[in-house]
Amino acid sequence: MNIFTEYGTKVAAVLGSLAADGTLPQGLDLSRVAVDPPRDASHGDLSTNAAMVLAKPAGMKPRDLAALIAERLNTEDEVLSTDIAGPGFINLRLDTMVWRRCLAEILAAGTAYGNSAIGAGERVNVEFVSANPTGPMHIGHARGAVFGDVLASLLVKAGYSVVRDYYVNDAGEQVNVLSRSAYLRYREALGEDIGEIPSGLYPGDYLRPVGKALAEKYGDSLLGKPESEWLPELRAFTIDAMMDMIRADLDAFGIRHDVFTSERALVEAGKVDAALKTLSDRGLIYEGVLEPPKGKTPDDWEPREQTLFRATDFGDEVDRALVKSDGSWTYFASDIACHLDKFQRGSKTLIDVWGADHGGYVRRMKAATTAISEGQAALDVKICQIVKLMDNGEPIKMSKRAGTFVTLRDLVDEVGPGVVRFIMLTRSNDAPLDFDLTKVTEQSRDNPVFYVQYAHARCHSVARMATETFPGITGSNANLSLLEDEVELSLLRLLAQWPRTVEAAANAHEPHRIAYYLHDVAAEFHGLWTKGKEQTDLRVILEDNQPLTAARLALVEGVRIVIASGLELMGVEPVKELR
RNA sequence: GCGCCCGUAGCUCAGUCGGAUAGAGCACCAGAUUCCUAAUCUGGGGGUCACAGGUUCGAAUCCUGUCGGGCGCACCA
C-alpha cells in the first residue's frame with residue numbers, strides 16, 4: 001500500500017463529508033489535491049495542499065478551510081497531530097507505527113514492493129531501439145535502448161500491460177545499399193579482389209561473414225547476374241543476418257522485444273495503402289505544391305507537386321509528403337501505417353523513443369497518430385539527447401572510417417551491461433549525457449552505480465555477519481516496535497516513498513527518477529551505517545540485545561529489498577559482495 | 001528564417017500535474033577508522049534559478065518577449 005495514496009483517500013473522504021454537511025459546495029474538482037511528503041521533515045510526516053487548492057472555489061480563506069479539514073483528519077487513529085502552516089498547508093504527524101507497518105509490508109512483498117495498479121491493465125506500446133538493420137548498434141543506440149526498456153518495465157510495475165516494439169526499417173533505399181555491399185563481400189568471399197569499398201556502400205567488416213555465408217549458400221551462381229536477379233533475395237538474407245546480430249547484441253544487454261514490426265511486411269500486406277486510404281477518405285490527403293523552406297532554401301529546390309498529408313490540421317507547421325518521386329512510399333507514410341497497426345493491436349497510449357536527431361519529426365508523427373486514430377490514440381515521443389563518450393575526462397572521437405567506432409557490444413563487453421544501464425539513467429532523457437569509460441568502473445562515491453551497489457552489498461554483509469553472533473537470526477518475525485530511533489524512522493519514511501516514486505516515474509514516463517531515488521536510499525543507509533561507527537548503540541548487530549538486532553536486520557532487509565526492487569526494474573543485477 | 005530541446009552553485013546535473021528556507025555529486029576547506037566493508041560518513045563556504053514582463057494565495061516550474069547553446073528543417077531513414 002502506498003501511504004500517500006492511502007491518506008489521499010482519507011483527505012478525499014473528509015472533503016466529501018464537508019460537502020455532505022454543506023460546508024463545502026458539491027462537485028468540487030479534487031484533481032489538484034495532493035498528499036506529499038513535506039520538503040522539510042520537521043513539518044511532519046505528510047502534507048496536503050487541499051485547503052489552498054479548494055479555498056477559492058469554496059469561497060473560503062485557505063487557513064479557515066484548513067482548520068476544518070485538519071479537525072476531521074485529527075480523528076484518524078494514526079494521526080497524532082495536525083497543524084496548519086504557511087499559506088494553508090495541513091501537516092500531519094503520524095504514529096510511528098505507520099512506518100513500521102510499511103516495513104512489514106516491504107518484508108512481506110519482497111521486490112514486488114512498489115508494484116502498483118494505477119495502470120489498471122491498460123495496454124501501452126513502447127517502441128524503442130528500432131535501429132536500422134544496416135549494421136551493428138553503436139553507443140548512441142544504448143541510451144534509447146535502456147530508456148525504452150526501463151520505461152517499459154516501469155509501466156509494467158505500475159500495472160500497465162506493455163508491448164515492447166521494434167520497428168524494422170527494411171523497406172527503404174538504404175537496405176538496397178546494404179544488399180549491394182553484401183554482394184561485394186560475396187564476391188570477395190569467392191576469391192575476387194574487390195579493392196576499396198566504393199563510397200556510398202557500407203564498408204564495415206561485419207558484412208564479411210554475410211558474404212561468406214552467401215558464398216556457401218549460392219556458390220558462384222549469382223556472379224555476373226544483373227542486380228535485379230539477386231537483389232530481393234540477397235536483401236532478405238542480409239537483413240535477416242543484420243537483425244540476428246542486433247538481436248544478439250540486445251540480448252547481451254538484457255533487452256528483449258515482444259514484437260518486431262517489419263516496414264516491408266506492412267507495405268507488402270497493403271497496410272500502408274489501407275492507412276492512407278482511410279486518411280484520404282477523410283479528406284486529409286491532397287496533391288499540392290509546398291512552399292520552399294523559409295530562410296534557407298536547398299540549392300536543388302524546385303516546385304513539385306506531391307501527395308501531401310494535411311499535418312497542419314493537427315498542429316504541424318507544414319503538410320508532409322507521402323510519396324517519393326520514384327513512386328514509392330516515404331518513410332513517413334509507412335510510419336503512419338506502423339502507428340495505426342499499434343493502435344489496432346490494442347494500444348491507445350503509444351510511446352516512441354527516438355534520438356535527438358529526430359526531434360523535427362515529432363510533430364508530424366503526433367499529428368498523424370491523432371489523425372489516423374481519429375483522436376483515440378495519444379503518442380508521446382521521448383527524445384534522448386546525445387551521449388558523449390569520454391575517457392578519463394577526455395572526449396573520444398568516433399569515426400567509422402578511422403575504426404574508432406564504439407559499438408554497443410564493445411561497450412557492454414568492456415564495462416558490463418549493468419553499469420551501462422545504470423549510467424544511462426543518471427540523467428533526464430532531455431539532458432546530454434557524458435559517459436566516461438574510466439569513471440563508470442571506478443569504485444568511488446562519484447560513481448552512482450557503485451554507490452548504490454555498495455549499499456546493497458552492505459545489507460547482505462551485515463545479515464551474514466549477524467548470524468555469526470546469533471546463529472540463524474533473521475529480520476523476519478522481529479519485533480518492529482523496537483525501531484524507534486529518529487534515524488531509523490527517517491530511513492523507513494524514505495522506503496515508504498518507493499511505491500509513490502514508481503507511480504510518479506511511470507506517469508511522467510521518466511525512468512531516471514528511479515536512479516535518483518536509489519541514490520537517496522543508498523545515501524540515507526550509508527549515513528545510518530556510519531552513525532553506528534561513532535555511536536555504537538546504533539549498530540545493527542548488538543551482542544547484548546538479540547531482539548533489537550533482529551529488528552534492525554528487518555530494517556536492513558527492507559533497504560535491501562527496495563534497492564533490489566529498483567535495480568531489478570532498471571535491469572541491473574544487485575550484487576551481494578564487492579571485491 | 002522557422003520548429004523542438006536546453007539555460008539552476010566554479011563543473012556535471014536533480015528539482016514531485018505550481019507549494020514552505022532551491023538540492024546532490026565533483027572540486028575546495030575542516031574533521032571522523034583498535035569497532036557490522038572508511039570503496040563510507042559529518043560539517044563548512046559557494047545561487048540575480050540566463051534576462052524582462054505577465055498569470056495567482058504562491059513561479060526554477062505555467063504564458064509572452066529577448067539573449068545564449070544544441071538538434072532538425074520538400075522527395076533520406
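Because the structure is predicted, anything quoted here is derived from the model rather than measured. Order of the sequence lines sets the chain letters (A, B, ...), proteins ahead of strands, with each chain counted from 1.
- Residues K382(A) and D352(A) are not in side-chain contact: their nearest non-hydrogen atoms beyond the backbone lie 4.5 Å or more apart.
- Within 4.0 Å of V362(A), counting heavy atoms only, lies no atom of the nucleic acid at all.
- Among the atoms of the strands shown, only primed sugar atoms or phosphate atoms (P, OP1, OP2) are found under 4.0 Å from some heavy atom of S428(A).
- A donor and an acceptor atom never sit less than 3.5 Å apart when one is taken from the side chain of R32(A) and the other from the base of C17(B).
- Between K439(A) and E442(A) there is no salt bridge, since no side-chain N of the basic residue sits under 4.0 Å from a carboxylate O of the acidic one.
- Heavy atoms of M465(A) sit under 4.0 angstrom from primed sugar atoms or phosphate atoms, though from no base atom.
- Scanning atom types as modelled, one donor and one acceptor separated by under 3.5 angstrom connect the side chain of R304(A) and the base of A74(B).
- Checking A32(B), C36(B), U21(B) against the side-chain heavy atoms of D40(A) singles out U21(B) as nearest.
- Using a 4.0 Å heavy-atom criterion, one finds that T330(A) contacts the sugar-phosphate atoms exclusively.
- Using a 30° and 60° split on the angle between ring planes, F450(A) and Y454(A) fall in the parallel class, below 30°.
- Below the 3.5 angstrom threshold, one finds no donor paired with an acceptor across the side chain of R513(A) and the base of U16(B).
- At the heavy-atom level, H358(A) lies under 4.0 Å from base atoms of the strands shown.
- Proximity of R235(A) to N176(A): side-chain heavy atoms (C-beta onward) are separated by under 4.5 Å at one or more points.
- Residue contacts for N429(A): at a heavy-atom cut-off of 4.0 Å it reaches no nucleic acid atom on any strand shown.
- Between the CZ atom of F89(A) and the C1' atom of G18(B) there is a distance of 10 Å, rounded to whole Å.
- Below the 3.5 angstrom threshold, one finds no donor paired with an acceptor across the side chain of T134(A) and the base of A77(B).
- Heavy atoms of P62(A) sit nowhere under 4.0 angstrom from any nucleic acid atom.
- Residue E302(A) is classed as a base contact, given a heavy-atom separation below 4.0 Å to a base.
- Among the nucleotides G3(B), G19(B), A74(B), the one closest to the side chain of R363(A) is G3(B).
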